[in-house]
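One structure is given below, encoded as structure tokens.
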Amino acid sequence: MPDTQPATTQNAAPAVRFQDFGLADSILRALADQGYTHPTPIQAEAIPVVLRGHDVMGAAQTGTGKTAGFSLPIIQLLLAHANTSASPARHPVRALILTPTRELADQVADNVKAYSRHTPLRSTVIFGGVDMNPQTAALRAGVEIVIATPGRLLDHVQQKTLNLSQTQILVMDEADRMLDMGFLPDLQRIINLLPRERQNLMFSATFSPEIKKLANSFLKNPVTIEVARSNATADNVTQVLYKVDEETKADAVAHIIRERGLKQVIVFSNTKIGASRLSRHLQKEGVKASAIHGDKTQGERMAALEAFKQGSVEVLVATDVAARGLDIAELPCVINYDLPYNPEDYVHRIGRTGRAGASGDAISLFTDKEARQLADIEKLIKHTIARLQLDGFAPRRASERRSRHEGEEGGSVQRERSPSRSGSPRREKVDPWFLKPYEPAPSEPREEPEAQAAQTRPQKAKVAALLGGVPKR
DNA sequence: AAAAAAC
């Protein structure tokens, strides 16, 4: 669980430890069980603020330790203010954590359970797509902490199996995602079920005007906690682009996976059909792949995720259901099979790698048709992404024309792996720009501090060289 | 233009 960081990676001068926050021994013991002694930056900031009872507006991406940042102080607050109210439920719901996807709810719940295991507090997770009865039973038995997706939560409220009238703390995790998914009416309905007097914590990776509006509407004098710059990509992630043909995209992915020997990679597709299709294609190529998307049953989704975590599945082909929040430790690489339409999704997708200070690779494929998306992405992240050649991979028709354009040796061109399905070569035009490294516009600065830093890291140096070392201003 | 989420 990369939610907290081990002592060895802590580099702040006077190292803060979890025991410095005045957390209960039972919480510290749970942290010790997992080998965590030192908080991540967001935890060091958030824990004292939440303990003091403030509302929080948190700007944090996945992998920063956000979950522990809010769940540890919540557990502490619930322990400190013991429940004195009598029945009906001896355990009224006192903290509610909302997440946009079922998988994220499940994972936050796992964390909460782990951190509260030595306390008398009980928690449960509530989401759709699965049998309601076990959830109802858990709620009947009594829980202090509920982690939920909005739809099923409201369902339980309607069935009167859940009462939120004593909920003192509300957390909205990945609030930007919830808005994107049209949860605003549900969120408002849920907020109306809560007592007026309560503590609100809201976390978001990006800051649109809508998010700010939502924050203004229900946070009271929030303390802002910012860890990563919003809309920024981590600089420990090496981003590259490969231009491909539509027809050879799937083969290109298989090639990249083989070439790099990838054993833990998420491949993002823009569509559910595309994800399933690519997964099947990779399986035929002998790659241990599985697809995860919203048309799969909840059981299939959980099985795919579990198999991926266990390693029996090496390539998880996913829609944006997996772009945010999924807690998969230290993913070394993500691949964008399609460029996302929403440039912020690019940030979220590649946020799946290079977590907690580890380095990572973000590889994106793009076709002529995706020029617009690419421009939007580079505008959002405020720098260009290196265009590289796909070495040793011969896109069928493009490769045949290679020698004509750049005078490259045609001998290195491989035989096509699978015969063309259509047979008729329709695509005549080869973009010569694909065949040479990307060159920045002459007006752009050539010498940047980042270029020097990059030289200490071989892979980055290669990219920086091709790029001309250019973060665009 | 597409994804996710309640039945």
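Residue numbers start from 1 in every chain, and the chains themselves are labelled A, B, ... in the order their sequence lines are given, proteins ahead of strands.
- Closest contact between the side chain of Phe127(A) and the listed nucleotides dA2(B), dA4(B), dA6(B) involves dA6(B).
- Arg102(A) has a side-chain polar atom (N or O) that falls below the 4.0 Å cut-off from OP1 or OP2 of dA6(B).
- Atom CZ of Phe183(A) and atom C1' of dA6(B) are 9 Å apart (whole Å).
- With sequence neighbours left out, the ring pair (Phe, Tyr, Trp, His ring centres under 6.0 Å) criterion links Phe70(A) to Phe203(A).
- Residues in residues 211-220 of chain A take part in no side chain to side chain donor-acceptor pair (under 3.5 Å) pair, two or more places apart or across chains.
- Counting only N and O atoms by type, the side chains of Glu378(A) and Tyr346(A) include no donor and acceptor under 3.5 Å apart.
- Separating the NZ atom of Lys272(A) from the C1' atom of dA4(B) is a distance of 8 Å, rounded to the nearest angstrom.
- At the heavy-atom level, Gly129(A) lies under 4.0 Å from the strands shown only through sugar-phosphate atoms.
- Computed from coordinates, the Ile126(A) CD1 to dA5(B) C1' distance equals 15 Å when rounded to whole Å.
- One can place OH of Tyr341(A) at 7 Å from C1' of dA2(B), the figure rounded to the nearest angstrom.
- Set against dA6(B), dA3(B), dA5(B), the side chain of Gln158(A) has dA6(B) as its closest nucleotide.
- One interatomic measurement links the two molecules: CG of Leu339(A) to C1' of dA1(B), which rounds to 14 Å at whole-angstrom precision.
- The separation between Leu187(A) atom CG and dA4(B) atom P is 19 Å, rounded to whole Å.
- Here Lys379(A) does not pair with Asp376(A) in a salt bridge; the nearest charged N to carboxylate O distance is not below 4.0 Å.
- Contact annotation: Arg301(A) side-chain N/O to dA5(B) OP1/OP2 distance is under 4.0 Å.
- With values rounded to the nearest 0.5 angstrom, Leu153(A) atom CG is found 12.0 Å from Ile97(A) atom CD1.
- Distance CD (Gln135(A)) to P (dA5(B)): 14 Å, rounded to an integer number of Å.
- For dA6(B), one of the phosphate oxygens OP1 or OP2 lies less than 4.0 angstrom from a side-chain nitrogen or oxygen of Thr149(A).
- The CD atom of Glu103(A) sits 16 Å away from the P atom of dA3(B) (whole-angstrom rounding).
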